[in-house]
Amino acid sequence: MTGPREQFRPENHPNDHFLLTTVVGSYPKPKWHDRAREMFEDEAADFGDEEWAEATDDASRLITHEHERCGIDVVCDGEMRRNEMVEYFAHRIDGYEFNGRVKVWGHNYFDKPSVADEVEYGEQWLVEEFEFTDEVADRPVKVPITGPYTLANWSFNEVYESEEQLAYELADLVNEEIEALVEAGARYIQIDEPALATTPDDHAIVGECLERIVDEIPDDVRLGLHVCYGDYSRIYPEILEYPVHEYDLELANGNYEQLNVFKDHEFTKDFAMGVLDAHTAEVESVEEIKANIKRGLEVVPPERLTVSPDCGVKLLPREVARGKMENMVQAAREVEKELDAGEIDVVAGSGAEASADD
Amino acid sequence: MPEIVATTPGLFPLPGWAKDELSDLKGHQKTDLISGDEGEEITDAYERAREEVVSLQTDAGLDRISEGQLRWDDMLAHPLAVHDNVETRGIVRYYDNNNFYREPVVTDELTADGDVAAELDAAAELVDSGLQAVLPGPYSLADLATDEHYGDDVDFLAAVAEFLAGEAEQFPDVETLFLLEPSLVENAPGEGEDERASEAIDTVAAAVDADVVAHTYWGPIEEKAYAHLMDADVDAIGFDLIADHDKNVYNVQEYGTKDSVALGVVDGQNTHVEPPETIRDRVDWFEQQTNTAYETVYTTTNTETFYLPVNKFEDKIRSLANAASLEAPEQ
């Protein structure tokens with residue numbers, strides 16, 4: 001086990017082994033919440049700040065509890081207050097402006113923001129979200145936060161000499177936010193850097209960003225990094241040097257074709273492995289998920305394996321997302337039981353896989 | 001003083017209303033992308049959008065008017081994506097951008113099609129003079145596609161070039177043809193391939209009676225590929241001065257260039273709007289560095305423009321047009 005993980009084991013956990021189950025972050029919004037947003041954005045509707053705040057609180061409470069009912073060990077509120085992973089933050093950082101939608105593919109658009117002035121910490125980003133979720137949750141809460149490299153890479157940079165410089169400035173702001181989150185009691189923070197997958201040559205920049213982010217963050221705060229939909233051989237094993245405890249990686253989507261990347265060089269940190277495809281609307285069976293979890297045990301021993309979906313599941317129908325979460329937890333508990341009974345041969349030991357040329 | 005011709009490489013962002021209307025009409029999934037045989041409502045929406053972007057360019061005072069390539073959901077892969085003998089499969093990344101297109105897989109002969117020509121016919125009705133055609137360069141189009149029919153890279157590139165030439169032959173009268181060849185930079189051709197890439201461009205260029213610009217972007221062309229490109233019978237080669245001005249200038253200093261040149265002097269992927277004076281300074285700088293008096297300098301955004309929000313796209317079009325009409329600086 002690396003890092004402060006044991007604090008997340010539930011008191012009444014049924015098995016000796018503990019495969020930490022969690023989510024990546026986003027979850028389908030209830031239909032009524034989408035309607036509430038439409039009304040809030042419609043100036044003619046009688047639906048103001050107060051009504052909107054009540055609606056988001058209700059949605060946050062509902063989805064947090066939905067995660068708990070599914071049995072997830074470390075929960076989120078499904079990012080009910082966030083519209084998109086860059087826009088949400090850009091609206092809160094001074095220096096950003098919005099000019100309109102740009103194409104991602106087909107008729108899928110994104111309100112890509114521009115950095116039109118020096119970036120500065122504006123209003124709080126996630127502290128209120130965390131405090132609310134933490135209060136309504138019985139289980140520990142994880143906070144996903146978009147990383148500075150992705151915030152820089154998915155914006156227009158009108159001001160800074162280079163994207164790298166912008167990323168470092170943003171990293172200092174992320175550090176400020178994480179300090180505030182820790183102050184508010186957060187103990188599990190996941191930094192999302194999907195842009196790293198698209199520009200793997202920049203892994204050193206992401207590393208420097210992370211050094212800035214973790215500055216003066218206490219040791220008992222568990223830090224994860226989420227990366228998805230890329231060629232991991234171009235960033236691994238270099239990313240193991242990053243100052244985080246855990247890597248959360250999408251692998252079910254590619255049917256674990258990339259798993260060998262992580263076996264060729266010892267995986268020295270915690271491995272949060274995607275065991276569910278976030279972009280198929282069929283609920284994977286418990287048996288299938290158990291088989292996926294066991295693939296993770298080829299990389300790390302159970303005390304370093306975290307079980308999670310590939311990515312945020314917000315694009316799925318809600319009942320499908322819930323079905324996936326339930327089956328994921330059941331699969332993890334069954335694998336734990338088999339581990340307790342000695343029915344599974346764990347190939348990956350602590351360091352056992354290290355090859356002579358490491 | 002060269003003649004400065006303000007233009008763009010096309011592939012415009014859809015106007016805001018058209019984004020909404022077309023996403024309602026077509027949907028958001030990969031099976032909903034343009035097919036080439038779209039119905040009346042969709043055709044009508046694109047026609048209205050085309051009229052709007054033609055007026056925008058005319059009002060701004062651009063010297064070349066592009067049809068806008070608003071239907072090109074798959075960006076430069078479009079001409080293949082709508083072809084009957086091409087299957088579109090998964091969504092794949094478009095170069096190093098956060099953009100995606102359907103992988104076009106060529107499964108049978110690339111016969112002449114006419115999809116792009118039909119767009120230009122429609123635009124010709126709206127444009128009095130200065131109509132510009134845009135096509136992917138053959139090397140880039142072959143690079144973006146997968147071949148399951150020709151079975152050989154050499155034959156496939158030649159077939160793609162013939163296909164594009166067949167498309168170009170059906171064009172109405174156009175003043176200029178921009179052949180966009182980012183793959184010459186992003187996936188530089190190897191030994192032998194560089195020569196064939198240049199010949200393939202020749203094949204397409206020979207099919208039209210218009211000035212042809214082979215435009216490159218996202219960096220400088222590798223030296224050897226550039227030397228071969230100089231053999232192609234085009235009127236101008238286009239350079240991305242935003243991504244790398246020094247190495248592009250070096251190529252021109254070492255190998256010369258055509259009598260005319262296209263210069264990507266406005267950033268198609270950043271919302272900062274370059275003032276006309278800056279654009280002119282960049283043109284002057286290039287002329288001084290290469291110590292050449294060009295016949296025509298095409299000033300353009302370096303890349304396609306669909307990366308931009310509409311307001312900034314419009315500002316940049318105006319800036320390009322205004323830069324071309326600025327008084328020449330005192331010598």
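Convention: sequence-line order gives letters A, B, ...; per-chain numbering from 1.
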* Structure fact -> Here the pair of heavy atoms bringing B:P309 nearest to A:G100 is CB-O, 3.8 Å

* Which distance, rounded to the nearest 0.5 Å, do you find between the CZ of B:R93 and the CH2 of A:W105? -> 13.5 Å

* **Whether A:N99 side chain and B:V310 backbone form a donor-acceptor pair below 3.5 Å** => no

* Structure fact -> Between the CG atom in B:L308 and the NZ atom in A:K103, the distance rounded to the nearest 0.5 Å is 13.5 Å

* Is the count of non-hydrogen atoms from other residues, nucleotides or ligands lying under 6.0 Å from A:E118 atom CD greater than 12? -> no

* Near B:E41 CD, under 6.0 Å, is it more than 12 heavy atoms from other residues, nucleotides or ligands? -> no

* Asked: Between A:F110, A:W154, A:F98, which residue shows the highest count of heavy-atom pairs closer than 4.5 Å to chain B?
  -> A:W154

* Structure fact -> Distance col, row A:S114:OG vs B:K312:NZ, nearest 0.5 angstrom, shows 6.5 Å

* Taking atom CG of A:N108 and atom CG of B:D32, what is their separation to the nearest 0.5 Å? -> 9.5 Å

* Mark yes when over 12 heavy atoms from residues, nucleotides or ligands other than B:E40 sit less than 6.0 Å from its CD; otherwise mark no. => no

* To do: Measure the spacing between CG of B:N98 and NZ of A:K112 and express it to the nearest 0.5 Å.
  => 7.5 Å

* To do: Could you check if a side-chain atom of A:V102 sits within less than 4.5 angstrom of a side-chain atom of B:F306, using non-hydrogen atoms only?
  => no

* Asked: Would B:K26 and A:H107 count as having a side-chain donor-acceptor pair, cut-off 3.5 Å?
  -> yes

* Sidechain-backbone polar pair: B:N270 side chain, A:N157 backbone, donor-acceptor under 3.5 Å -> yes

* **Closest-packed option against chain A by number of heavy-atom pairs under 4.5 Å, given B:N311, B:T271, B:D73, B:N99** => B:T271

* Would you name the heavy atoms of A:G106 and B:L33 that are closest together and state the gap between them? => CA-CD1, 3.8 Å

* Structure fact -> When the 4.5 angstrom heavy-atom criterion is applied to B:L14 and chain A, the contacting part is side chain

* B:D20 versus A:R101: any side-chain heavy-atom pair under 4.5 Å? -> yes

* **Atom CD of A:E163: over 12 foreign heavy atoms under 6.0 Å** => yes

* **Minimum heavy-atom distance between A:F156 and B:Y307, given as atom pair plus value** => CZ-O, 3.2 Å

* Asked: Just wondering, are more than 12 heavy atoms of other shown residues or ligands nearer than 6.0 Å to CD in A:E161?
  -> no

